[in-house]
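Notes for the one structure printed next.
Only heavy atoms go into these numbers, but all of them, side chains included; no hydrogens, no water, no symmetry mates. Because the structure is a prediction, the values reported are computed rather than measured.
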Amino acid sequence: MALLTSVVAMADNKTVSSPDGRLQVTIDCNEGRATYCVTYDGVQLLKPSLLGLKANIGDFSRGLTMQDNARQMPISKNYKMKNAKQSDISYKANRLQVDFTTKEKIPMSVIFQVSDNDVAFCYQLGRGPKDNPKCAIVECETTAFNLADGTTTFLCPQITPMTGWERTKPSYEEEYEADAPMNKPSKFGVGYTFPCLFKGVGDTWILINETGVTSQYCGARLSDYQAGTGYTIAFPQEGENNGFGSPTASIMLPSFTPWRTITIGKTLAPIVETTVQYDVVEPLYEPSEDYKPGRYTWSWLVWQDNSVNYDDQVQMIDLASTMGFEYCLVDGLWDKQIGYDRIEELAAYAKSKNVKLMLWYNSNGSENDAPQGPRGVMNNSIKRKQDMAWMKRLGVKGIKVDFFGGDKQETMRLYEEILSDANDYGIQCIFHGCTMPRGWERMYPNYVASEAALASENVFFTDYHARQEGFQMSMHPFSRNAGGAFDWGGMMMNRMMSRDNKSRHQRFTGDIFELATAITNQTSINCVAMYPNNLEELRQFELDFLKQVPTTWQETRFIDGYPTRYAVIARKATNGKWYVGGINGTNATLTLNLQLPMLAGQTVTYYVDEADKKALKAQKAAAKKDPKAKPAPYWPNPVMKTLKVDKNGQARVILPSMGGLVIVEN
């Protein structure tokens with residue numbers, strides 16, 4: 001942490017404002033309890049909210065004395081990223097450090113950094129007057145977010161541990177609820193997973209998150225709402241990871257906690273575009289090589305467990321090669337159904353096709369009952385390094401590690417150990433069945449993305465979730481993906497959720513909707529969930545788009561949208577072209593007037609789902625004839641044409657229900 005040089009004048013409270021002066025934080029201490037409040041454009045969005053924590057060395061939530069030596073200084077830094085929503089990032093903020101002491105004279109500092117739309121704060125615990133203690137157990141935080149009355153919520157509930165399929169939960173795959181009041185209890189009674197989106201007073205948007213979590217602390221979530229207090233930071237549940245590991249945090253002294261972040265905007269643009277999760281952290285090690293972004297094929301999503309065999313994986317490698325994709329992911333059970341020896345053959349075959357393999361691993365073998373293997377490798381330092389050395393010899397370039405199920409410090413240590421060891425062997429990491437990333441794209445240069453959401457496999461599993469895809473996908477740009485890279489698990493190009501593309505339930509989204517998710521979702525290695533049959537079934541322009549769709553971006557801009565209804569996001573690719581993706585998650589047709597100043601006056605390539613009026617008419621006629629009959633599957637028609645953006649940057653578009661659009665700069 002940088003030293004603070006200038007001293008704030010003595011006062012009963014301390015304030016720090018953003019560089020533009022619109023966002024202000026006020027820190028106070030009344031009757032021994034520290035609080036902060038947040039205003040934007042003079043409107044209080046967070047009422048006085050508690051600060052502090054409790055540790056085995058003392059209570060840092062009450063009996064505090066605020067010192068008069070608060071220090072403030074400007075922060076300015078520029079840095080580059082290749083695996084996030086923006087490549088060249090400039091961060092400017094004002095930083096305030098306020099010092100407190102307990103009755104035992106043990107110091108605690110609260111550090112705030114306030115940029116134009118973001119508040120980030122953390123705690124520093126020091127040593128006592130005699131240079132002791134030198135370590136502590138943080139038992140809980142009293143950190144609160146006391147949002148103004150009338151705020152509504154867009155939240156994903158946490159679930160109780162060791163529940164669900166094979167006792168793998170929490171797997172961070174629960175359903176969001178939109179536009180709910182704060183006082184509505186969470187579905188499972190244990191609060192909400194980060195990031196947490198709110199619509200505050202005056203239609204102001206607020207995203208609460210955390211970043212900078214390493215092996216030195218536990219991950220957290222928000223509690224249920226309590227009147228008068230608001231939401232508080234909640235530590236992991238005792239039963240996570242089969243009860244293994246403490247739900248508290250063990251730290252050295254002096255030590256800093258992770259950052260709590262609050263992003264605020266009059267529109268959703270600051271929410272979608274925020275980089276605060278990277279702004280306040282630093283890389284923890286150097287990359288061992290120049291990690292490559294790209295696209296990957298994945299048999300398991302529709303072909304499932306039985307496809308993890310040598311011959312089917314050859315088909316997926318051939319598909320990746322035909323499409324010019326960089327990677328093919330071999331999913332769980334490969335250790336039994338293919339075997340280590342034949343994986344060596346498969347890797348050699350992939351190399352001959354200019355494709356690199358990624359391999360699936362179970363994160364453990366002791367914390368849940370997930371049967372897929374390899375098990376007991378990634379949580380064993382000796383076996384982990386042996387397998388990683390083997391993968392390096394074969395040219396395997398990535399791993400997908402699954403079934404973590406918890407936020408304990410012990411689990412954060414496992415994430416970090418996997419990432420650090422993988423970097424030693426030139427391997428990139430994707431996590432599934434896992435928690436939300438917390439600045440990890442910047443902290444760990446071989447980290448790619450996490451699932452941490454109700455992802456694509458659920459569309460395959462049930463008709464219900466297939467119908468919910470539009471709702472979920474139009475939520476993620478404003479919450480899950482706003483906070484970190486998101487491995488949703490693929491643009492799904494089969495229209496029916498079956499290997500023959502004729503049976504089981506249908507996909508309810510249009511083809512262009514699926515293509516648009518390559519833009520509305522952000523990850524530097526993106527799954528294209530297509531299959532060999534799609535080479536004959538898709539229109540040529542769809543195949544051509546998939547062959548060239550980028551995965552790395554110079555810039556991201558929010559264009560239009562509302563969480564769980566629709567989303568339009570623009571991203572400037574590293575090739576210099578702008579791509580705009582839009583999805584309609586509702587059951588109604590939307591007419592949108594898009595503001596696209598970056599494309600003003602241009603004629604652009606335009607992919608769009610259009611309502612199939614003939615099919616809709618036939619569907620209505622069939623329903624009238626037999627109201628009890630199951631309607632025939634329906635999808636809008638994907639088309640490619642041109643669109644003229646006027647000189648003012650405006651373009652009028654029509655999106656049918658569950659339809660999408662893609663605009664590409666020529």
Validate the cation-pi geometry between R480 and Y172: distance from NZ or CZ to the six-membered ring centre under 6.0 Å, angle to the ring axis within 45°.
no
State, without any angle test, whether Q86 and Y278 hold a side-chain donor-acceptor pair at a distance under 3.5 Å.
no
Qualifying residue for side-chain contact (heavy atoms from CB on, under 4.5 Å) with T297, from F325, Y327, Y531:
F325
Heavy-atom closest contact (A600 atom, N648 atom, distance):
CB-C, 4.4 Å
Student check: side-chain heavy atoms of M316 and P532 closer than 4.5 Å:
yes
Do the side-chain N and O atoms of D612 and W635 include a donor-acceptor pair separated by under 3.5 angstrom?
no
Going by the angle between their ring planes, with limits at 30° and 60°, are W488 and H476 parallel, tilted or perpendicular?
tilted
Minimum-distance pair of heavy atoms, taken over all atoms of I264 and V38
CD1-CG1, 3.7 Å
Tell me, do Y79 and E282 make a side-chain contact under 4.5 Å, heavy atoms counted?
no
Heavy-atom check, side chain of V448 versus side chain of D487, under 4.5 Å
no
Does F545 have its ring centroid less than 6.0 Å away from the ring centroid of Y607?
yes
Tell me whether the rings of Y447 and F431 are parallel (<30°), tilted (30 to 60°) or perpendicular (>60°).
tilted
Can you see whether N209 engages Q277 through a side-chain donor-acceptor pair at a distance of less than 3.5 angstrom?
no
T263 and N117: side chain donor to acceptor below 3.5 Å
no
Identify the two heavy atoms, one from A529 and one from G489, that lie closest to each other, and give their separation to 0.1 Å.
CB-O, 4.1 Å
Trace of the side-chain contact (heavy atoms from CB on, under 4.5 Å) decision for W205 with L197
CA-CA 7 Å; W205 293 94; L197 180 66; 4.0 Å; yes
If every non-hydrogen atom of Y606 is compared with every non-hydrogen atom of T642, which pair is closest and at what distance?
CB-C, 4.1 Å
Can T275 and D279 be counted as having a side-chain donor-acceptor contact under 3.5 angstrom?
yes
